[in-house]
Amino acid sequence: MKAIIRREFKNYMKNPLYWIGIVALVVSIYSSLNEYLNICTFSNSLEVEQLEDTRPMDADVMNGYIPTDSNEQMEIGLNDIKETFIDAYDMTEQEAERSIEDVKAQNLSVAGTIMYLEDKYQFYDGKAVFREAQQKKATVDELNYYIKSKMSEHSYAYYFAKKYVDFAGFHIAFFTVVLLAFLFIRDMKKDHYELLHTKPISAGNYVWGKYIGGVLPIILSVFIITTIFIGICQSNELQTNLINTFANMISATCLYVIPTVLITAGIYVFIALLFKNPLPAIPLILAYIVYSNMGSYDPNGNYGFNGRILGMLFRFEGKFFETEVLPVFLLNQIALVLLTLLFIFIGIWYWRKRRL
């Protein structure tokens, strides 16, 4: 088994596509994370005014926006609806004001207000309006207070690590699909396949050797990339503790990215030994990536990534300081590892069966 692992590892180290891929991943991931690297406290209001403006729904703290509480969300949302009543419903300002006061008098939640507006005023854009009202353009004092309060809870690296694995996991999934296609191509050719079955190597040693020999170079590339972004994260003025940066980035990588590599390699083992060809695994894994990356509606009717059963990707698409670990996370990651082991054991069984 050691000879197989060593051979596969050396093959990947000699493959120029491997190193070109690492460089391409660093550039692509950096491009996706660049805006989060500029998060910092502000010295004066002029800095806030010069920030690039964007829609509140898409904005984050680096755009000068912070989350609103329920009262602020209601106030901002109703003010926007009042303007819509005047502009699109041909109401006078006094009529629009009375309508808004009527809505406030009901003392409803945001969800209840949306339904009330639909039933009484035939206003059907309430969900979008109140979703945008979840963020507000903040003053320099509000921004600094918000950033400092979040930094008192966790370090910058804690938040950055989640955004890093969000984008890194997605990019590395495609990188793994391409690289692992080389793992079984030569061995599954008819002459090599028959020759391998005459060798005195056991099915377990062969399959585990191929699996580990394919996974190790990918994991090495993951940690090379992560090390680069540890340095990038450390360069932010909000992060000062290198040990904290290292701990957050490495732990997040192991928990959120490595299982993606393991399950992808497991699928390649299963498909290659089942069909005597690794190529059918490519469309299957790409479909798996799409499935894992699909969004859904939460109980509040907001569309976003809420996790998929046995999803190979774990996304943190929320605002920088508001990302949360979904409750299903630990069970999902454990299930991915168990599923990987199942694929490997089935592969061993197939290899042994065809050898006999």
### Query
Does the side chain to side chain contact (heavy atoms under 4.5 Å, CB included) test come out yes or no for F123 and V129, once each step is laid out?
CA-CA 11 Å; F123 183 81; V129 170; 4.1 Å; yes
Please tell me if the side chains of [X] and [Y] come closer than 4.5 Å, counting only heavy atoms from C-beta onward.
X    : Y    : answer
I250 : F223 : yes
L117 : F85  : yes
K127 : E132 : no
M13  : L220 : yes
I86  : T92  : no
N236 : N38  : no
M91  : R98  : no
T113 : V103 : yes

### Task
Using a strict cut-off of less than 4.0 Å between a Lys/Arg side-chain nitrogen and an Asp/Glu carboxylate oxygen, indicate whether E75 and K104 qualify as a salt bridge.
yes
### Task
May I ask you to say whether D60 pairs ionically with K319, meaning some side-chain N is under 4.0 Å from a carboxylate O?
no
### Query
What distance separates F175 CZ from I218 CD1, expressed to the nearest 0.5 Å?
5.0 Å
### Reported CD-to-CD1 distance for the pair Q239 and I232, which is rounded to 0.5 angstrom
14.0 Å
### Query
According to the interplanar angle, ranging from 0 to 90°, do the rings of F229 and Y30 count as parallel (below 30°), tilted (30 to 60°) or perpendicular (above 60°)?
tilted
Just by distance, no angles: are the side chains of [X] and [Y] close enough, under 3.5 Å, to form a donor-acceptor pair?
X    : Y    : value
Y164 : T253 : no
S155 : N244 : yes
Q134 : T68  : no

Nearest heavy-atom pair of [X] and [Y]: which atoms, and what distance?
X    : Y    : result
L313 : A173 : CD2-CB, 4.0 Å
G311 : Y288 : C-OH, 4.3 Å
Q73  : V110 : OE1-CG2, 3.8 Å
L33  : K163 : CD2-O, 3.5 Å
A181 : I282 : CB-CD1, 4.2 Å
S32  : H171 : OG-CE1, 3.9 Å

### Task
Take D102 and Y121 through the test side chain to side chain donor-acceptor pair (under 3.5 Å) and record every step on the way to the result.
CA-CA 11 Å; D102 169 54; Y121 296 97; 2.7 Å; yes
### Query
Given Y211 and L262, is the side chain to side chain contact (heavy atoms under 4.5 Å, CB included) satisfied, shown in steps?
CA-CA 9 Å; Y211 178 82; L262 298 181; 3.5 Å; yes
### Query
When you measure from the centre of the six-membered ring of Y159, is the NZ or CZ of K162 under 6.0 Å away and within 45° of the axis?
no
### Query
Counting only heavy atoms not in Q106, do more than 12 sit closer than 6.0 Å to its CD atom?
yes
### Query
For Y291, does the OH atom sit with more than 12 other heavy atoms under 6.0 Å from it, leaving out its own atoms?
yes
### Task
Run the ring-centre check on F316 versus Y256 and record whether the distance is less than 6.0 Å.
yes
### Query
L180, I20: one ILVMFWY side-chain cluster at the under-4.5 Å cut-off?
no
### Message
side chain to side chain contact (heavy atoms under 4.5 Å, CB included), that's the test. Do I66 and F321 meet it? Break it down for me.
### Response
CA-CA 10 Å; I66 62 173; F321 287 117; over 6 Å; no
#### Entry: Donor-acceptor contact below 3.5 Å, side chain Y12 vs main chain L179
yes
### CA sep, side-chain torsions, deciding dist, call: Y156, T240, side chain to side chain donor-acceptor pair (under 3.5 Å)
CA-CA 9 Å; Y156 170 83; T240 57; over 6 Å; no
